[in-house]
Amino acid sequence: MHTRRDFFRTGLTLGAAACVLPEISKVFAAPASSVPGTTEKPLLSAVRDGTRPAMLDRALADFGGIQAFIKPGQTVLVKPNIGWNTPPERGADTDPDLVGHLVALCVGAGAKKVAVFDRTCDKWTDCYARSGIEAAVKAAGGEVYPGNDEDYYREVALPNGRILKSAKVHRLVLESDVFFNVPVLKNHQGSLMTACMKNLMGVVWDRGFYHRADLHQCIADFLTFKKPDLNILDAYHPMFRNGPRGRSVDDVVEKRMLFASRDIVAIDAAGAKVLEYDPAKVRHVALAGQMKLGVMDLSQVDVRRHAMA
Amino acid sequence: MASPTHSSSRSIQRGGRPVRLYRRLRIAAALAVFLSLTAALVDFRELVPVRFGHWLAAIQFVPALVAATAGVMVSAAILGVLVVLTLLFGRVYCSVICPLGVFQDVVSRVARLAGSRKRPLAFAQPHTRLRQTVLWAVVAATLTGWGGLGLALVDPYSNYGRIVSAFFRPLLTWANNAATGLANKIGLLSVYRVDLPLHGLGALVVPSLVLTAVAVLAARKGRLYCNTFCPVGTVLGLLSRKAAFRIAIDKDACTKCGACFRACKAQCIDLRAGAVDFDRCVACFDCVGVCEDHGIGYQFSWIRRPDAATKPRERRQAVASDTGATREPRRTFLGRSFTLVAAGLWAFARGRAAEPTVGPAGPIPPRGATPESDGAAGIRDIDPLRRHAISPPGSIGVRRFLDRCTACHLCVSACPKHVLQPAVFEYGLEGLMKPRMDFTASFCDFDCTKCVDVCPDGALERIPVAQKQAEQLGLAYFDPGKCIVTTKGTDCAACSEHCPTKAVYTVPYGNNLRLPTVDRDMCIGCGACEYACPVQPVKAIEVSGLRTHGLARKDNPRQPKALKPPAEGDFPF
């Protein structure tokens, strides 16, 4: 059953290392302009036409590989979208091979602990199992944590939020050294689109408040508290309609794309374009851009395009 | 014919030590069934396979009877095996298969060990009239259309299921949750918190009373409950009177030491008369296991005993006057009972035959709203009590469900979403404790069929998942006047987000907003929309139950099946 995953783990990890090593040397050789975190344009790595694990390796290479994010002994949180009790081909949850590969990279980079969770909509144990994510994470050496247990959530203040002034946030977000946000790109009947920003609703206990207060503003407000260290957007077969749950495999369209960026607004703007939306019409993306939480205008973003086929 | 001297039993072995084998086998088998069934009823972690739980419950007398009358051949066969078993060896069901019976034995044993019962139970006269009254009350209830409630109230298996569901499962879940924090701290992630929805107080009344009565009676009087109240005990008692092998005293071997009647939990050994009232004997073999003289044990009783000088009828009456077992001629009672039972079953089957089965878009009860004009009026016009009487998947209709369900709560335990909760008066009095879909607690998982897979008596028909995904339990009604999109002018669509069929979808509204709307032809009444709706205190979208379940259309009339061909090309930016 796990032949494909095993193949990716063994073969592609080695292959990735082979790809990544020359890239790292390039990074070190290059001038400081390509080092992230400066006032330069934010970097968006856009990869297409590969398998998800291979595209992830290619995207990470733009940032200096996984080692640019993780020091040995650190704890890592990987936050996929595991919201629905649906199989991977439905595209309602992040792909298990992608999540498993990321966890394997983290473990390989010497992470002390790699934790994965989501506050799911369907029953969490069903979602974790049916999405294939639980098995993939465990096979890669990570751990899955419950998202349904209020004891794991801690009240935090968001003084800079416009509407969301406080929220109960999962302990793993507060305690982990490194935070990877790994959603899947989908249409959304309410918020028009769900990608990296909306995926962060899954680390907050009271989602009802978001819906009652002002969904888009709350999604943007959360970024005033925490931004992931890296966002990886699974756009292999995005859901174009009936999102975020979808009705069947007919709702997804194969695009074979994957994006990665530290700038959560830029990567969501790219996602919106894939779904053929104007990013400015996805109100939470527009609001986050206005609040200077990221760059929505992709002309102001350093987009690195890679076609693998 | 055998000579009068040939009076000692051939079936009782001669030897020095008591025959303990029967008792040990009985205890081993009883514990296996009891513990497995209890595990299935407690199972808050979904560890027990649902079909395993189903079969443990399907071999119980009342579920088998209900399913057999509905034409389930396997259940008819099970019922036949139970009857034959009783006709051969007496009430083995009561000591081995019935969980309420075994539960009483456990209580009784604990009480004895704890020293709360000092004196052994003495032989007692049977409460024949009370037993027959309860049985006839159930028959009368069935005849008058109250059989669903009647069977639910008296079935020992269902009573045990409800005791576990009302008390044991919540207690163990609470203990699990209390231990979760510590377990997770030491890195044990396999222990996790489980939602603990408590049953409504009204649904706890009967389980509380039954638990109290059964526990007190068991602690003080052994199997008195089974021999006074339980109609299954009464019916099987009637059969066991005619059993081929009956526990009897061998007067030649018996030394009248009294060990047997002191061990008897059914108070049915009359040592003075040297007789066993096998009607009330639950075939526990405790007496056999203590008799050092081999003076009590199974005797083959279908051939006339050579020592019986009198005619059968006279002998029977002599035994009857000894034990007081029958105060009226048994044949009269049996004749009357079986006539009534047959009439009841006929009425039961006839009532069900009249019920309409599931058809394309079944009849929708009159409401104020039409599918075109969804509005507040639509919800207000529905009887607020009945609106929440939503019967589970596979039940096909409320009437059929209430007739068949004995409220054993096995599905309540199996439901991974905890959406199945016992009703109080949502269905009316006759639906007391029967599971309903409670969308304040949760919603029904689209791909899950555990309730229909576990149901032992066919109250929930075992439909395939594709049929379950089209069965309309109820229909969603949306009130735009309450919706956040109109009242606050912001996006929400939590309802549409959760809708598995996209019967609830959104349409463009105002300035770049999306307003929910419902296509009730596609709605299956799973309650995901109602549960997800964040509006307080009254939700903007609510599901109203259908008395007869409908059939939803599976295709989406507003969308082409295929979206678009896979796109080749570069990034759109």
Side-chain angles (χ1 to χ4, degrees), chain A residues 44 46 48 85-86 121-126 130 143-146 148-152 188-192 207-217 237 240-248 250-257 259 269-270 273-274 276 281 283-284 298-299 301 303 305 307, chain B residues 45-46 177 180-181 184 187 189 192-195 416-418 442-443 445-448 484-485 488-502 504-506 512-514 516 522 528 531-536 554 556 559-573:
Chain A
L44 172 70
R48 62 181 174 90
N85 177 17
T86 52
C121 294
D122 286 328
K123 187 172 184 170
W124 71 282
T125 45
D126 291 344
R130 188 104 176 274
E143 289 175 299
V144 293
Y145 280 76
N148 71 323
D149 187 342
E150 198 172 354
D151 280 1
Y152 275 98
H188 195 286
Q189 296 276 308
S191 62
L192 194 57
R207 280 202 290 256
F209 177 83
Y210 275 54
H211 280 275
R212 280 189 296 275
D214 180 345
L215 185 60
H216 292 292
Q217 187 61 61
H237 51 208
F240 269 70
R241 66 179 185 193
N242 296 329
R245 193 185 194 281
R247 292 184 78 217
S248 69
D250 296 333
D251 295 332
V252 302
V253 174
E254 191 171 299
K255 291 281 185 183
R256 297 187 301 277
M257 291 178 186
F259 307 125
K273 295 239 178 185
V274 173
E276 296 162 20
K281 289 276 185 195
R283 197 168 144 251
H284 59 265
L298 290 179
S299 67
V301 174
V303 182
R305 295 173 174 81
Chain B
R45 280 286 306 267
E46 301 168 64
N177 291 352
T180 300
N184 288 8
L189 290 172
Y192 55 78
R193 183 172 297 269
V194 178
D195 290 340
K417 301 277 285 190
H418 307 298
S442 184
F443 61 94
D445 186 286
F446 190 57
D447 297 311
C448 173
I484 278 164
V485 180
K488 299 228 170 166
T490 60
D491 272 327
C492 174
C495 52
S496 168
E497 182 180 348
H498 281 69
C499 179
T501 67
K502 286 296 164 281
V504 185
Y505 60 102
T506 57
N512 190 24
L513 292 175
R514 282 146 287 272
M522 293 171 68
Y531 177 75
C533 177
V535 179
Q536 296 167 327
K554 284 200 152 187
N556 189 336
Q559 288 178 344
K561 184 175 155 45
L563 197 59
K564 52 184 90 173
E568 298 294 332
D570 212 343
F571 302 106
F573 45 81

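So that the names make sense, note that chain A is the first sequence line, chain B the second, and so on, each numbered from 1.
Pairing each heavy atom of Arg241(A) with each of Pro560(B), the nearest pair is NH1-O, 2.8 Å. Counting all heavy atoms, side chain and backbone alike, His211(A) lies closest to Cys492(B) at ND1-SG, 3.1 Å. Shown here for Glu46(B) and Lys123(A), the closest heavy-atom pair between the two residues is OE2-NZ, 2.7 Å. Nearest heavy atoms, Gly208(A) versus Pro534(B): O-CB, 3.9 Å. Of all heavy-atom pairs spanning Met257(A) and Pro572(B), the tightest one is CE-CD, 4.4 Å.
A salt bridge is defined here as a Lys NZ or Arg NE, NH1 or NH2 lying under 4.0 Å from an Asp or Glu carboxylate O, and Glu497(B) with Arg207(A) fails to meet this definition. Between Arg193(B) and Asp151(A) there is a salt bridge, since a side-chain N of the basic residue sits under 4.0 Å from a carboxylate O of the acidic one.
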Test log, rule side-chain contact (heavy atoms from CB on, under 4.5 Å), inputs Lys488(B) and Asp214(A): CA-CA 8 Å; Lys488(B) 299 228 170 166; Asp214(A) 180 345; over 6 Å; no
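Residue contact with chain A, scored on non-hydrogen atoms closer than 4.5 Å, is absent for Ser442(B). Neither the backbone nor the side chain of Thr86(A) comes within less than 4.5 Å of any heavy atom of chain B. Of the two parts of Asn556(B), the backbone and the side chain both hold a non-hydrogen atom closer than 4.5 Å to a non-hydrogen atom of chain A. With a 4.5 angstrom heavy-atom cutoff, Tyr192(B) touches chain A only via side-chain atoms. For chain B, the nearby part of Val303(A) is the side chain; its heavy atoms alone come within less than 4.5 Å. When heavy atoms are compared at a cutoff of 4.5 Å, Tyr531(B) does not approach chain A at all. Looking at Tyr152(A), the atoms closer than 4.5 Å to chain B (heavy atoms on both sides) all sit in the side chain, from C-beta outward.
Chain B forms more heavy-atom pairs under 4.5 Å with one residue of Gln217(A), Arg130(A), Glu276(A), His237(A) than with any other, namely Arg130(A). Among the candidates Cys533(B), Cys448(B), Ala494(B), Gly181(B), the residue making the largest number of heavy-atom pairs closer than 4.5 Å to chain A is Ala494(B). When each of Pro146(A), Pro244(A), Ser191(A) is scored by its heavy-atom pairs under 4.5 Å with chain B, the top score falls to Pro244(A). Note: Leu192(A) leads Leu192(A), Val301(A), Asn148(A), Val144(A) in heavy-atom pairs under 4.5 Å with chain B.
Contact check for Thr490(B) versus His216(A): no side-chain heavy atoms found under the 4.5 Å cut-off. Annotation: side chain of Arg245(A) is not in contact with side chain of Cys499(B) (no heavy-atom distance under 4.5 Å). Taking the side chain as every heavy atom from C-beta outward, His498(B) and Cys121(A) approach each other to under 4.5 Å. When side chains are defined from C-beta on, Lys255(A) does not count as touching Phe571(B), because their heavy atoms never get closer than 4.5 Å.
Checking side-chain atoms of Arg283(A) against main-chain N and O of Leu513(B) turns up no donor-acceptor pair under 3.5 Å. Side chain of Gln189(A) to main chain of Ala493(B): no donor-acceptor pair is present (N/O by atom type, distance under 3.5 Å, no hydrogens or angles). Asp491(B) places no side-chain N or O within donor-acceptor distance of the main-chain N or O of Leu215(A), the cut-off being under 3.5 Å.
No side-chain N or O of Asp250(A) forms a donor-acceptor pair with one of Gln559(B) less than 3.5 Å apart. With hydrogens and angles left out, the side-chain atoms of Asn85(A) and Asp447(B) include no donor and acceptor closer than 3.5 Å.
Interatomic distance, Arg247(A) CZ to Tyr505(B) OH, rounded to the nearest 0.5 Å: 12.0 Å.
More than 12 heavy atoms of other shown residues, nucleotides or ligands fall within 6.0 angstrom of atom NZ in Lys554(B).
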